Structure formats: structure tokens, C-alpha cells
Amino acid sequence: MEIILVDRPIARQRLKEIGEPQFGTYVKAVVDVNKGIMAVGGDFHADEESFLLDRGSKQMELWGINLHFDLQSPDMVEFDSIINIRSRQGNPSRSVEDAKIRERILRIVADLVQ
């Protein structure tokens, strides 16, 4: 599946079209918390991370999530990705431990997903 840049609002139905064939009820996404954008459509969060890095994002600003397109915010956002394991940044788990970063991610998703 093609990875797409989401820098303006995207319809929930479009997320479903992207994610359903691969994962059923969700789509993988990587959010750039500095730029307020995300990438969706990769088989792995690392694919979307690489996509954003190639477009000038900084690794420390990228966080992997799953978007459950049939749920409403904040429940639609699942903070679970291997790319989130960053001991140097104080994030030793697949989740996003910092409440401020989680809140930034939720705001970006709310702004971008219709």
C-alpha cells in the first residue's frame, strides 16, 4: 500500500479504505508532533517514519500510533509502536509515556481526521 502524507484533513472513510485491507479495523500512522502532520498506509510504522524522515522530519519528533477508524477520539488513537521505544528520550516502552506528547498527538489527530 502506498504511504500518504496527511497535512490537511482526511476523511475517516479514506482511512478505512487504506487500513481495512491490511489490518481490518485500524490503520498505522506516524505523527510528526512538531510539524502537525502524519503519514499513513505503511505495512510498518518504520515505513511511515522513513517516509517522513525523507521529507525533513526529525526522528525525535515522530511517534507511531494506530488509528481505529470506527472509534471516536480519543479512543481511536492507540499508542503502540516499536518506533516509540526511546530510552534516550525517557520512553522505554512501545507506548508514549509523556502526557504532553500524547496530548499533542491527540490534538493533531483531531485536527486531521474528519
Side-chain angles (χ1 to χ4, degrees):
M1 180 58 90
E2 177 185 0
I3 297 172
I4 62 169
L5 177 66
V6 181
D7 57 356
R8 66 187 117 215
I10 186 171
R12 220 175 259 273
Q13 180 61 35
R14 180 67 180 124
L15 292 177
K16 186 173 184 174
E17 292 166 4
I18 295 166
E20 199 168 47
Q22 290 175 289
F23 305 109
T25 61
Y26 69 95
V27 64
K28 291 181 183 262
V30 171
V31 177
D32 182 321
V33 295
N34 183 49
K35 294 183 177 184
I37 60 174
M38 63 183 179
V40 299
D43 290 325
F44 301 98
H45 290 110
D47 298 330
E48 296 157 342
E49 178 184 48
S50 178
F51 176 88
L52 289 173
L53 289 170
D54 289 345
R55 284 154 183 78
S57 290
K58 293 183 175 29
Q59 213 282 308
M60 292 180 65
E61 306 285 337
L62 301 179
W63 298 91
I65 61 173
N66 298 318
L67 294 173
H68 294 268
F69 37 78
D70 290 332
L71 299 176
Q72 298 301 314
S73 283
D75 297 329
M76 79 177 299
V77 178
E78 177 184 20
F79 299 98
D80 182 31
S81 174
I82 290 173
I83 72 163
N84 296 339
I85 299 172
R86 300 188 194 157
S87 297
R88 282 186 357 189
Q89 283 181 256
N91 202 81
S93 75
R94 293 170 52 114
S95 185
V96 177
E97 302 291 327
D98 187 306
K100 290 179 183 179
I101 294 172
R102 280 196 314 271
E103 185 58 37
R104 284 168 62 189
I105 292 168
L106 290 172
R107 275 196 313 269
I108 291 166
V109 170
D111 289 345
L112 293 176
V113 177
Q114 296 182 340

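Values in this document were obtained by computation on a predicted structure and should not be read as measured data. Basis for what follows: all heavy atoms, side chains included, without hydrogens, waters or symmetry-related copies.
- The distance from the CE atom of Met60 to the CG atom of Asn34 is 11.0 Å, given to the nearest 0.5 Å.
- Leu15 and Phe44 fall into different hydrophobic clusters, where Ile, Leu, Val, Met, Phe, Trp and Tyr are joined by side-chain heavy atoms under 4.5 Å apart, directly or via other members.
- For residues 36-54, no pair satisfies salt bridge (charged side-chain N to carboxylate O under 4.0 Å, His left out), with sequence neighbours left out.
- In terms of hydrophobic clustering, with Ile, Leu, Val, Met, Phe, Trp and Tyr side chains grouped at heavy-atom distances under 4.5 Å, Ile3 and Leu5 are assigned to a common cluster.
- Here salt bridge (charged side-chain N to carboxylate O under 4.0 Å, His left out) pairs that include residues 84-97, with residues two or more places apart or in two chains, are Asp80-Arg94.
- Closest approach of Thr25 and Phe69 over heavy atoms only: C-CZ, 3.4 Å.
- Residues Leu62 and Val77 are members of separate hydrophobic clusters, defined by side-chain heavy-atom contacts under 4.5 angstrom among Ile, Leu, Val, Met, Phe, Trp and Tyr.
- We find the CD-CG distance between Gln59 and Leu52 to be 11.0 Å, quoted to the nearest 0.5 Å.
- Hydrophobic clustering (side-chain heavy atoms under 4.5 Å, transitive across Ile, Leu, Val, Met, Phe, Trp, Tyr) keeps Ile4 apart from Ile37.
- Looking only at distances, a side-chain donor or acceptor of Asn91 sits under 3.5 Å from a matching main-chain atom of Asn84.
- The nearest pair of heavy atoms linking Ala29 to Val40 is CB-CG1, 3.6 Å.
- If you take CG on Leu67 and OG on Ser73, they are separated by 8.5 Å, rounding to the nearest 0.5 Å.
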Can you give me every donor-acceptor pair (side chain of residues 105-114, partner residue at least two apart or in another chain, under 3.5 Å) with its distance?
none

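- Under a cut-off of 6.0 angstrom, the local environment of CD1 in Ile82 is sparse, with at most 12 non-hydrogen atoms contributed by other residues, nucleotides or ligands.
- Within a 6.0 Å radius of CD in Glu2, no more than 12 heavy atoms belonging to other residues, nucleotides or ligands are found.
- Residues Ile10 and Met76 are members of one and the same hydrophobic cluster, defined by side-chain heavy-atom contacts under 4.5 angstrom among Ile, Leu, Val, Met, Phe, Trp and Tyr.
- Judged by distance alone, with hydrogens and angles left aside, the side-chain atoms of Arg55 form a donor-acceptor pair with the main-chain N or O of Phe51 at under 3.5 Å.
- With sequence neighbours excluded, the residues that form a ring pair (Phe, Tyr, Trp, His ring centres under 6.0 Å) with Tyr26 are Phe23, His68.
- With sequence neighbours left out, Asn66 forms a side-chain hydrogen bond (donor to acceptor under 3.5 Å, both in side chains) with His45, Glu78.
- A side-chain contact (heavy atoms from CB on, under 4.5 Å) with Trp63 is found for one member of Val96, Asp98, Ile83 and no other, namely Val96.
- Screening residues 12-38 for salt bridge (charged side-chain N to carboxylate O under 4.0 Å, His left out) gives Arg14-Glu17 as the qualifying pairs, with residues at least two apart or on separate chains.
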